[in-house]
Amino acid sequence: MSVETRPSVCPHDCPSACSLEVEILAEDRIGRVRGGAMPYVNGVICAKVARYAERVHHPDRVLHPLRRVGAKGEGRFERIGWDEALDEIASRFKDASARLGPETVWPYFYGGTMGHVQQAGINRLRRIMGYSGQLKTICAASSSAGWAAGVGSKWGVPPQEMAHSGLIVIWGANPAATQVQLMGLIKQAKTANGAKLVVVDPYRTPTAEKADLHLMLRPGSDGALASAVMHVLFRDNLADRDYLARYTDCPERLEAHLRDRGPAWAAPITGLTVAEIEAFAALYGSVPNSYLRLGYGFTRSRNGAVNMHAASCLPAVTGAWKHKGGGAVQSTSGVFDIARTLLDGLDVPDRKPRVLDMSRIGPVLTGDPADLGDGPPVTAMLVQNSNPALVAPDSALVRRGLARDDLFLAVHEQVMTATARFADIVLPATTSMEHHDLYTAYGHTFLQVAKPVIAPLGEARSNHDVINALAPRLGAAHPGFEMDAWEMIDQVLDASELPKASELHAMGWLNCSKVFDDAHFLSGFGHADGRFRFAPDWNDPALPELPDHYAVTDEADAEHPFRLITPPSRHFLNSSFTETPTSRAQAGRPTALVHAGDAEALGLKTGDPVRLGNDKGSVVVHVQATDGIAPGVVAVESIWPDDCFVEGRGINHLTSSDAARPAGGAVFHDTKIWLKQVTSQ
């Protein structure tokens, strides 16, 4: 007998927003999950979502509202009812606002679900109540600023065109773990066109293992590499001067600037050889339809925006944008013209409250005046779609803030996360299998809607329903608080002049891609003059005027001779899936990838425990010696829960909450550390 399947959409913070087909074993139970038929997905999804039943039906799902009865962080709670929980949250928010003003309340969220309805309600409540704003920096602030500096629009050549490319450059990304469909497109390009694959990454990822050329550069040196490549393109007449004259702002000035920034200059900065840089530049310049997939990893650095801008300049120098399969993409999110007035409550006058940087939650909650300004301390929070106690930088400082006796914390969650353990009230949240939502993507161009495929488990409620229930208790009035999720999707689509929700659901998806000339910016880049900007308007005099190496990173020194990066594990998605048994079993344990020469010099061998530390503290992990990482670099794939580490302290105890310029941004891959042998455990 065949198993019934129902369509859904993956909600996680991944570029792919995959269409799904979900096996239904009972009205309250799912089975295997497979990729849907949507173009780009074509039935292929990552292994962790294929076994999504482990997450939905995990024995530790939070299924009822809870009130803390132990110390903050201890994780002891008692069951209470929904009305009691919501009444207490509303009462505490009102009391805090009455004492210190509404800015003392800080609703905090991010990408635990990427669905627009379930994610936006917290912002609508924030706007109407005048609560503190949130600067969304933890993932994409630096990459977005760097891309916009040159290109000016939040899109590029759709990834599907990669199948037509003659050269594919994956720069600062690992799609084998984070955008699996790209690996199929790369394979198509290799088979059909004999395409070469270049990967730019400080260590040998599963994607880099497939590369024809892997440029294993030092973290934070990407701007130097890009500048040296452009130097060669101009020097060897591989630049398209007609394209440059028509579509860019100052090519002569750029060429003059790069004359003393060749491979010999870049080699000691990047750790690459002159020959490697020359080979990459010659290859890139010789293939008209070269395609750059620019990731987020290389922008999570103090100079990340400058690095992104420098890399994005390459196709403007060669004119690769003119060709099918040529050009670049960083994100496709700008192709979706979604009307956000209803979602975000933009029809309500903005009270212009202060805006707090989410990546600096540690300094914010511990009262740093540079963050709080003239406003009050944060004394009340609602957290949805995020786990800052684990995923935010400088974990010890974050937890010190969350443990404050004068902070009331409500957390709406699916499982008992590190953040939820600090909560005064924990509310049970639905998964994407249990609610409606509207989905765009940042790795493709297909718009989708999803209906629940099973009923909510236990007493779980969606984000939208929780915000709608809190709003009248707080005195917040808006039409969005009176609609169910499907009604809101319908009205948002109508305001966006798109098909109705039922029609879009029946269609399965809607391709919102730009026509060729717009996707390739042949009709002009996203600046007023239509030109790509080699000299961006950073609105920050500290940043270089033209592509360059911006030397502000946390460089190794005598006391801290190594650079730490904390890239994603293919088995987790931030802290999601860290609770599922198969993901944990396949990931093994927290491990430090150390260059074999560095390990030998320290007397370390694979399997040995090693202590990593800096002025913030130290953590203990086990060593894996390898030649697949740049010397002087250490990689610990994240984000493991603290209790998986030898001493119960996770990797973000070492990372800094410093904000990258010019727009903020977490600097997870920009950390100097020392390594020491562990003599006994």
Side-chain angles (χ1 to χ4, degrees), residues 6-14 16-22 36-38 41 107 109-128 332-348 384-385 412 414 429-456 460-471 476-513:
R6 295 173 185 170
S8 189
V9 179
C10 180
H12 286 282
D13 193 359
C14 158
S16 296
C18 292
S19 64
L20 305 175
E21 290 294 331
V22 184
M38 185 186 79
V41 173
F109 78 106
Y110 201 62
T113 177
M114 297 298 286
H116 290 282
V117 171
Q118 302 300 342
Q119 194 183 79
I122 197 169
N123 272 340
R124 188 165 63 252
L125 184 68
R126 179 201 316 276
R127 184 180 179 94
I128 290 164
T332 62
S333 60
V335 305
F336 301 100
D337 191 13
I338 300 297
R340 299 204 60 87
T341 297
L342 180 61
L343 289 167
D344 294 328
L346 301 180
D347 49 347
V348 175
Q384 289 184 323
N385 312 330
H412 187 201
Q414 298 164 354
T430 51
T431 69
S432 61
M433 302 293 170
E434 302 155 60
H435 58 235
H436 301 87
D437 220 330
L438 170 67
Y439 295 95
T440 58
Y442 56 98
H444 61 69
T445 57
F446 296 91
L447 180 71
Q448 302 172 86
V449 294
K451 294 181 177 181
V453 298
I454 57 172
R461 294 188 187 180
S462 71
N463 292 354
H464 180 75
D465 289 343
V466 166
I467 297 298
N468 281 5
L470 274 176
H478 188 269
F481 298 137
E482 300 172 8
M483 299 177 187
D484 65 30
W486 194 250
E487 289 174 309
M488 177 163 280
I489 294 169
D490 219 19
Q491 292 212 19
V492 169
L493 291 172
D494 185 63
S496 307
E497 299 183 348
L498 291 164
K500 294 181 69 64
S502 57
E503 183 183 354
L504 181 54
H505 189 262
M507 292 164 59
W509 53 82
L510 176 68
N511 191 351
C512 299
S513 63

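All residue numbers refer to positions in the sequence shown, counting from 1. All values reported here derive from a predicted model rather than from experimental measurement.
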Work out which heavy atom in Val453 is nearest to a heavy atom in Ser8; give both atom names and the distance.
CG1-CB, 4.2 Å
Looking at Ser496 and Ala339, would you say the former's side chain and the latter's main chain have a donor-acceptor pair under 3.5 Å?
yes
Indicate yes or no for a side-chain donor-acceptor contact from Asn463 to the backbone of Gln119 under 3.5 Å, with no hydrogens or angles considered.
no
Do Ile338 and Leu498 touch side chain to side chain, with heavy atoms closer than 4.5 Å?
yes
Could you tell me if the side chain of Met114 sits less than 4.5 Å from the side chain of Asn385, heavy atoms only?
no
Close side-chain approach of His444 to Trp509, heavy-atom, < 4.5 Å
no
Does any non-hydrogen side-chain atom of Leu438 lie less than 4.5 Å from one of Leu447?
yes
Any donor-acceptor N/O pair, His464 side chain to Asp437 backbone, under 3.5 Å
no
List the steps, then state whether side chain to side chain contact (heavy atoms under 4.5 Å, CB included) holds for Arg127 with Asp344.
CA-CA 8 Å; Arg127 184 180 179 94; Asp344 294 328; 5.8 Å; no
Minimum heavy-atom separation for Gly36 to Val41, with atom names?
O-CG1, 3.6 Å
Working to the nearest 0.5 angstrom, can you tell me the gap between Met433 CE and Arg6 CZ?
12.0 Å
Does the His435 side chain pair with the main chain of Pro456, one donor and one acceptor, at a distance under 3.5 Å?
no
Shortest non-hydrogen pair, Leu20 vs Cys10, comes out as CD1-N, 3.5 Å
Quick check: does any side chain N or O of Thr113 sit under 3.5 Å from a backbone N or O of Gly115, one acting as donor and the other as acceptor?
yes
With a 4.5 Å cut-off on side-chain heavy atoms, are Val492 and Leu343 touching?
yes
Flag for Asp347-His478: side-chain donor and acceptor within less than 3.5 Å:
yes
Any chance you could measure Tyr439, atom OH, to Ser19, atom OG, to the nearest 0.5 Å?
12.5 Å
For Pro452 and Glu434, the nearest pair of non-hydrogen atoms, with its separation, is CB-C, 3.5 Å
With a 4.5 Å cut-off on side-chain heavy atoms, are Leu125 and Phe481 touching?
yes
What one should report as the nearest heavy-atom pair of Ala441 and Thr332 is O-OG1, 3.7 Å
Within a strict 4.5 Å, meaning less than it, do heavy atoms of the Met38 and Val9 side chains meet?
no
Tell me whether the rings of Trp486 and His436 are parallel (<30°), tilted (30 to 60°) or perpendicular (>60°).
tilted
Find the distance between CE (Met488) and CG (Asn468) and round it off to the nearest 0.5 Å.
7.0 Å
Test Gln118 against Thr430 for side chain to side chain contact (heavy atoms under 4.5 Å, CB included), laying out the working first.
CA-CA 10 Å; Gln118 302 300 342; Thr430 51; 5.7 Å; no
To the nearest 0.5 Å, tell me how far Glu497 CD sits from Asp337 CG.
9.0 Å
Is there a donor-acceptor contact under 3.5 Å linking the side chains of Arg340 and His116?
yes
Between atom CD1 of Ile454 and atom OG1 of Thr431, what is the distance when rounded to the nearest 0.5 Å?
6.0 Å
Can Tyr442 and Asp13 be said to form a side chain to side chain contact (heavy atoms under 4.5 Å, CB included), step by step?
CA-CA 9 Å; Tyr442 56 98; Asp13 193 359; 2.8 Å; yes
Distance (rounded to the nearest 0.5 Å) between Ile467 CD1 and Gln384 CD:
4.5 Å
Do Arg126 and Asn123 have side chains that approach each other closer than 4.5 Å (heavy atoms only, starting at C-beta)?
yes
